[in-house]
Amino acid sequence: MKPLLAAVAALAFAVSPAPTLANPFETQLANGLRVIVKEDHRAPTVVHMVWYRAGSMDEKDGTSGVAHALEHLMFKGTKTLPAGEFNKRVAEAGGRDNAFTSRDYTAYFQIVPKAALPEMMQLEADRMANLKLDAKEFASEMKVVMEERRLRTDDNPHALVSEVLNSLMFQAHPYRRPIIGWMDDLEHMTWQDARDWYRQWYTPNNAYVVVVGDVDHREVFRLAQKYYGTIKKHALPERKPQNEPEQVGIRRVSVKAPAKLPYLAMAWKAPKLHDVQKDRDPYALDVLATVLDGHDASRFARNLVRGSRVAQSAGASYDATLRGEADFVLDGQPAEGKTIADLEAALRGEIKRIQDEGVSAEELTRVKTQSIAAQIYKRDSLMAQAMEIGGIEAAGQSWRDIDTLLEKIKSVTAEEVQAAARKYFTDDTLSIAVLDPQPIDQSKPKKPSGAVRH
Amino acid sequence: MKHSKLNAPHPHPRPGAGLLVGSLRSIIVGRSRARFTLICLLTALASSMALAGVKIEHWIAPSGAKVYFVETRMLPILDVQLDFAAGSAFVPAAKAGLAGLTQGLLETGAGDLDEEHIAGRLVDIGARLGGGADSDRASVSVRTLSSKPEQEAALDLLRAVLSAPTFPQAVLERESARAIASIREAETRPDAIAGKRFAAAIYPGHPYGVSPTVESVGAITREDLVAFHHQHYGAKGAVVSIIGDVSRAEAEAIAQRLTEALPAGGGDLVPPAVTQPVRETIKIAHPAAQSHIHIGLPAIRRSDPDYFPLLVGNYTLGGGGFVSRLMKEVREKRGYAYSVYSYFAPRKLEGPFEIGLQTKRDQVPDALKVVDQVLTEYMAKGPTPKELAAAKKNMVDGFALRMDSNAKLLGYLSTIGFYDLPLTYLEDFPAKVKAVTADQVKAAFGRHVKADNLVTVIVAAD
């Protein structure tokens, strides 16, 4: 192989001809709404997003799923706009629109030809303040949401395992509830629940607008003032920390569902990013996730899928930028002829190897190369750039930290990765969920969920 | 700092059902996962004007390969894709899976490089290899930084995997075993069962309807891979698409370098003729909470003059997301489904027309009734003047959206090349959309969607 340092130096060079240094731009309106604009003049298109810092973690027991349900209802009309009209106006402008809900936030977006941006801002501003909710539209849309739950979770064994694992590893923290909501809560939700949610959280001081595309930021700031500036803000409900008590012993759960291959997910409690400058462990764990499963030459692919062939698939995931509590998850399916126990031992073996031997200089260089290349490739997509800004802001950091995060990841040493592997992968903070595959009994429909704890 | 899979924003995008014609990727979709399906499937072609100053250049390389090139210097990246008539339609049913395995194993050994060297080298230079095989074609693509050392290394690797794959026996055994495990797993999933049964039912006896089985994958030998590569990955008939930070002269050299050492096979390959199925309803038992429903038939060739009337017409029926009739009647008014859509997926020969939805199992008769009413009414009367105008406005005004990245343009270049569409296709797009009339939509639907041939597949039916 070629000298690696030369390749990385060349990559670093390739990054340098970035657009305007001052880009993105940010302002805040008097009502608290923040507006972040990234100019990208490659094509006459623009992404317009509105992010609300209200996700499923802000829900209360009994109304799980209300953040997502309200996301659906945001398309059902305002005091002046009939139901369905929002989508119609976006479509006729030549655009596409949609929305998504996470544990931490709810976000809405339109991708449109640039001339349509003022109309999109007018539409979003309207539904930020003037949503019309009624019992009839609510009842019909809740049926849709329940179909969505059947599709995504009830008939999807891996999603069921994830849902049960979350509720196992978090017992106090609201991350224990599924974003889409428990079916029973959906069945008993009322339109007043949705209205209350909207009244509590949909206010300009709990939102930010992200615009990326062929725009002049000064013009966008002016439009934002015009459309969003008149909306009144109100105080937000108190947010309690709801910190998870320390886990003091391994937890295991199994889920029965129709499937052929078993599936295993192991989740360790992990630190999240608090202080971008001072923290070290989250960056080390991020590098660890890439070493294990960041690319085709990473350890899981090389050792578990191709090498020992113990795994049909194997993955590692870690997200340090979030509002709630972080975890580090290893998951996978055993190869045919192998068992869950074989796979669990193999995944643990990979962690142990890093605890004992650390990672190589070559592996660290590859992490850096991957992260530099990913940053350049991201510039080919307006949506990816908008998502990056919106996502880090949702977690409580700033878009100004994006470059710092990259630098910090590049600064991680082999010793730090090894130390993090030793510190966080202990059985006392581990939760394990297993899919126990059931033959298809064609005669009777299954019950919605088959979780069993033991 | 995002490696998260389990707790990613909800909902997730839906992976394509293996029917995508272009190489468009769907972005994160939330409220509905199928609403962009049609846009991806059918508007894989649009204008060349969105990236300012875009100009498509076309030539035949000395090797015989067709080359499509767009120079754009705004980002320091280069995308290259090669397409071959090497899809599953060219494989006998007894070896189903051969097209996908051949494509998949290209990067597991080439020349004197083994799979770990290839994977490691790609990671070291920050390049990404992509591609896949569908019914008609197999694709291999690379995205790399355009800086010289990285670009050279990436192109060397691409040339090696295309021209000198070694198809190691041990890798074949491993990947066959993984494919077989996936097939067995898929046989338990209602969506996968429905997709397979639908293809088989609308393409009786035709390779478009064949899916890999445990037996067919188990029967594939290394010799099969070598022979399939030799026969189908030739320069003649290959399409090379190039976009990014290189000059015309550099692109010419790249195209020749990637194709000069390809095997001798290739050329004009056409799958056997498609016959229409007889109308029927197939019910398959499964314990899922929701039934998965597909309704459709073989409908349109890529070269068919009815392409634009069907493209524009389907927007109103079930392609235009929330503004389509199916979405309004099935989801918005009645709450019967989260996802309901229709699309045409043109291929070399008659590609499918499909209406799809999922609904809780005891609601199937009611949902089917609504779908049937919507389709029957639309077949009889076509779009209203208002609907037709709205469809055109979305497609014409939304034009720029389909062309605003190198990745999207690469998909269009390869589709134009592979399906022999005129070079003026992109410039003509808005005018062709605008020229469609309601009568043309109605007539085209009448010609391509005949009630006597419509097949319905219901998985998890009561």
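Below, chains carry the letters A, B, ... as their sequence lines are ordered, and counting in each starts from 1. Because the structure is a prediction, the values reported are computed rather than measured.
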Completion exercise
So, the part of A/Val112 with a heavy atom under 4.5 Å from chain B: the answer is backbone
Handout entry: Set of ring pair (Phe, Tyr, Trp, His ring centres under 6.0 Å) partners for A/Phe328, sequence neighbours left out
Key = A/Tyr318, A/Phe425
Handout entry: Option from A/Glu141, A/Glu148, A/Glu147 for which salt bridge (charged side-chain N to carboxylate O under 4.0 Å, His left out) with B/Arg331 holds
Key = A/Glu141
Problem - Worked verdict on A/Arg150 versus B/Tyr338 for side chain to side chain contact (heavy atoms under 4.5 Å, CB included) - result: CA-CA 9 Å; A/Arg150 290 182 190 104; B/Tyr338 173 63; over 6 Å; no
Exercise for the section: Using a cut-off of under 4.5 Å on heavy-atom pairs, state which of A/Val305, A/Asp104, A/Asp214, A/Val90 scores highest against chain B. Expected result: A/Val305
Handout entry: 4.5 Å side-chain heavy-atom contact, B/Thr188 and A/Gln438
Key = no
Handout entry: Side-chain (A/Asp296) to main-chain (B/Val123) donor-acceptor, under 3.5 angstrom
Key = no
Practice task
Drop me the distance from B/Ile180's CD1 to A/Gln312's CD, to the nearest 0.5 angstrom.
Solution key: 10.5 Å
Handout entry: Closest non-hydrogen atom pair between A/Tyr377 and B/Ala127, with its separation
Key = OH-CA, 4.0 Å
Problem - Side-chain donor or acceptor of B/Asn394 paired with backbone N/O of A/Glu92 under 3.5 Å - result: no
Exercise for the section: Would you check, one step at a time, whether the test side chain to side chain contact (heavy atoms under 4.5 Å, CB included) holds for A/Lys143 with B/Arg334? Expected result: CA-CA 8 Å; A/Lys143 288 200 224 161; B/Arg334 296 175 180 83; 5.8 Å; no
Fill in the blank from the handout: Honestly, the part of A/Ala335 sitting under 4.5 Å from a heavy atom of chain B is neither
Completion exercise
Hits for side chain to side chain donor-acceptor pair (under 3.5 Å) against B/Glu115, two or more places apart or cross-chain, chain-then-number order -> B/Arg174
Handout entry: Heavy-atom proximity to chain B below 4.5 Å, by part of A/Ala374
Key = both
Handout entry: Heavy-atom pair with the smallest gap, counting every atom of B/Asp404 and A/Ala43
Key = CB-CB, 3.5 Å
Exercise for the section: Identify whether the distance between the nearest side-chain nitrogen and carboxylate oxygen of B/Asp124 and A/Arg366 falls below 4.0 Å. Expected result: yes
Handout entry: Donor-acceptor under 3.5 Å (A/Asp155 side chain, B/Ala289 main chain)
Key = yes
Exercise for the section: Determine whether the side chains of A/Arg379 and B/Asn406 contain a donor N or O and an acceptor N or O closer than 3.5 Å. Expected result: no
